[in-house]
Amino acid sequence: MKMPRPTTLLSALTFVAVLLICKVTFSIVLGYRDYFPPIFKADFLVGREAYFFGPYEWAFYTHIVSGPITLALGLVLISERFRRRFPKWHRSLGKSQILLVALVLSPSGFWMALYARMGEVAASGFAVLSLVTAGCALLGWRSAVRRRFVEHRQWMWRCFLLLCSAIVVRVIGGFATVFAPEAMWIYPCAAWTSWLVPLVGYELYRFANRPPKKAIAMDARHFASAAPA
Ligand code: HEM
């Protein structure tokens, strides 16, 4: 039997991942019927009436509006093909993405984390996620400004994977509802694993595909000889 080529396998996996992201984001946005105006009988809003109006309301609405936009922008921005064909669009959408993630989505996620259900483990998982996501976006911006594009791509990939935790956490939630509806530990656990697992997976992938030492040394020599005296 002929094995599929690694690139074919990677394209197939990318296709499935993009489909999953689009499908879950679509169902998240469909759920907004319960939020405009807020229905306190709806799943997520049950028991939140006491503190909803005020700062939480601001955080909640800015978060649920910016969330799907950052996921959609992320999908476009990580596409190599898009960047090559539309470099100016990549640059301006990229700036909007970094501003949205660092100044809107992450701070609102942090605020909401303070009120997360199921205790401190879940709350701290989301709070750390918000800080790490904002950090990756800002480091991605800094490396782009310094024209370190390899580094820039790595930071923005991390940022995108962290945004995808919103998808992963719901996939875990879906499985939990079917297979372990009574397991209260799953949500706090998902608040950490939904972003730590993809992030560690990415670092392992990078490590496994790192260029050989010889090539790095040759590159360094090439840059040293090309640099002005
Ligand atoms: C920096 C990344 C993110 C952080 C730190 C974060 C954090 C949070 C937190 C703490 C909550 C409340 C959880 C609770 O009270 O149990 C929440 C809810 C929510 N988040 Fe995020 N989030 C992030 C990314 C996203 C993205 C990319 C989306 C896009 C779809 C999104 C959409 C939502 C929605 C719609 C809710 C309301 C609950 C629901 O309808 O399921 N979040 N988020």
Side-chain angles (χ1 to χ4, degrees), residues 6-7 9-29 63-64 66-83 90 93-110 112-113 116 122 124-144 148-175 186-210:
T7 45
L9 195 67
L10 205 64
S11 310
L13 283 176
T14 309
F15 182 71
V16 173
V18 171
L19 264 188
L20 184 71
I21 293 170
C22 294
K23 201 244 158 243
V24 178
T25 308
F26 183 69
S27 49
I28 292 173
V29 175
H63 188 79
I64 67 167
S66 58
I69 300 175
T70 58
L71 271 180
L73 281 179
L75 275 177
V76 172
L77 286 163
I78 54 160
S79 158
E80 278 291 311
R81 207 177 295 173
F82 179 84
R83 184 179 57 81
H90 178 89
L93 290 179
K95 280 179 195 160
S96 318
Q97 173 77 331
I98 287 166
L99 289 176
L100 258 186
V101 171
L103 301 182
V104 182
L105 183 79
S106 298
S108 58
F110 184 86
M112 289 169 76
S124 53
F126 290 128
V128 176
L129 166 66
S130 68
L131 297 175
V132 177
T133 311
C136 287
L138 292 173
L139 287 166
W141 169 74
R142 193 178 73 159
S143 46
R148 295 186 182 161
F149 294 116
V150 175
E151 236 174 84
H152 168 68
R153 201 173 317 149
Q154 289 166 4
W155 284 119
M156 294 322 289
W157 257 105
R158 289 181 188 116
C159 181
F160 179 65
L161 289 174
L162 292 169
L163 294 176
C164 288
S165 63
I167 305 297
V168 181
V169 89
R170 282 160 182 89
V171 172
I172 297 175
F175 276 109
I186 292 186
Y187 189 65
C189 185
W192 287 94
T193 50
S194 60
W195 58 275
L196 272 176
V197 172
L199 203 59
V200 170
Y202 173 71
E203 298 306 336
L204 289 177
Y205 174 83
R206 254 176 20 85
F207 181 75
N209 291 282
R210 69 196 183 286

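None of the values given here were measured: they were computed from a predicted structure.
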Quick check on F175: does its CZ atom have over 12 non-hydrogen neighbours (other residues, nucleotides or ligands) under 6.0 Å away? no
To the nearest 0.5 angstrom, please state how far the [atom1] atom of [X] sits from the [atom2] atom of [Y].
| X | Y | atom1 | atom2 | value |
| --- | --- | --- | --- | --- |
| I167 | L161 | CD1 | CG | 12.0 Å |
| I78 | L73 | CD1 | CG | 12.0 Å |
| I69 | L163 | CD1 | CG | 12.5 Å |
| L105 | Q97 | CG | CD | 9.0 Å |
| T133 | L199 | OG1 | CG | 9.0 Å |
| R83 | L77 | CZ | CG | 11.0 Å |

Tell me the closest heavy-atom pair linking [X] and [Y], and the distance in Å.
| X | Y | answer |
| --- | --- | --- |
| A113 | A127 | CB-N, 3.7 Å |
| W155 | C136 | CB-O, 3.7 Å |
| S194 | A190 | OG-O, 2.7 Å |
| S130 | G109 | CB-C, 4.4 Å |
| S106 | A134 | OG-N, 3.6 Å |
| T193 | P198 | O-CD, 3.6 Å |

Ring pair (Phe, Tyr, Trp, His ring centres under 6.0 Å) involving W192 - partner list, sequence neighbours excluded: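 If we apply the ring pair (Phe, Tyr, Trp, His ring centres under 6.0 Å) test to W192, skipping adjacent residues, the hits are W195.
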Between H152 and H90, what is the ring plane arrangement, given parallel below 30°, perpendicular above 60°, and tilted in between?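 Because their plane-to-plane angle is over 60°, the rings of H152 and H90 count as perpendicular.
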Using modelled atom types only, decide if a donor and an acceptor are shared between the side chain of R153 and the backbone of V150 within a distance under 3.5 Å. no
Provide the full list of salt bridge (Lys or Arg N to Asp or Glu O under 4.0 Å) pairs with a residue in residues 11-21, sequence neighbours left out, each pair given once.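 Every pair satisfying salt bridge (Lys or Arg N to Asp or Glu O under 4.0 Å) with a residue in residues 11-21: there are none.
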Any pair counted as salt bridge (Lys or Arg N to Asp or Glu O under 4.0 Å), so long as it reaches residues 190-208, sequence neighbours left out: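 Every salt bridge (Lys or Arg N to Asp or Glu O under 4.0 Å) pair that includes a residue of residues 190-208, provided the two are not neighbours, is R158-E203, E203-R206.
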Scan I21, T70, T25 and name whichever one has a side chain to side chain contact (heavy atoms under 4.5 Å, CB included) with L75. I21
Non-hydrogen side-chain atoms of M156 and I98 separated by less than 4.5 Å: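 Heavy-atom side-chain distance check passes, below 4.5 Å.
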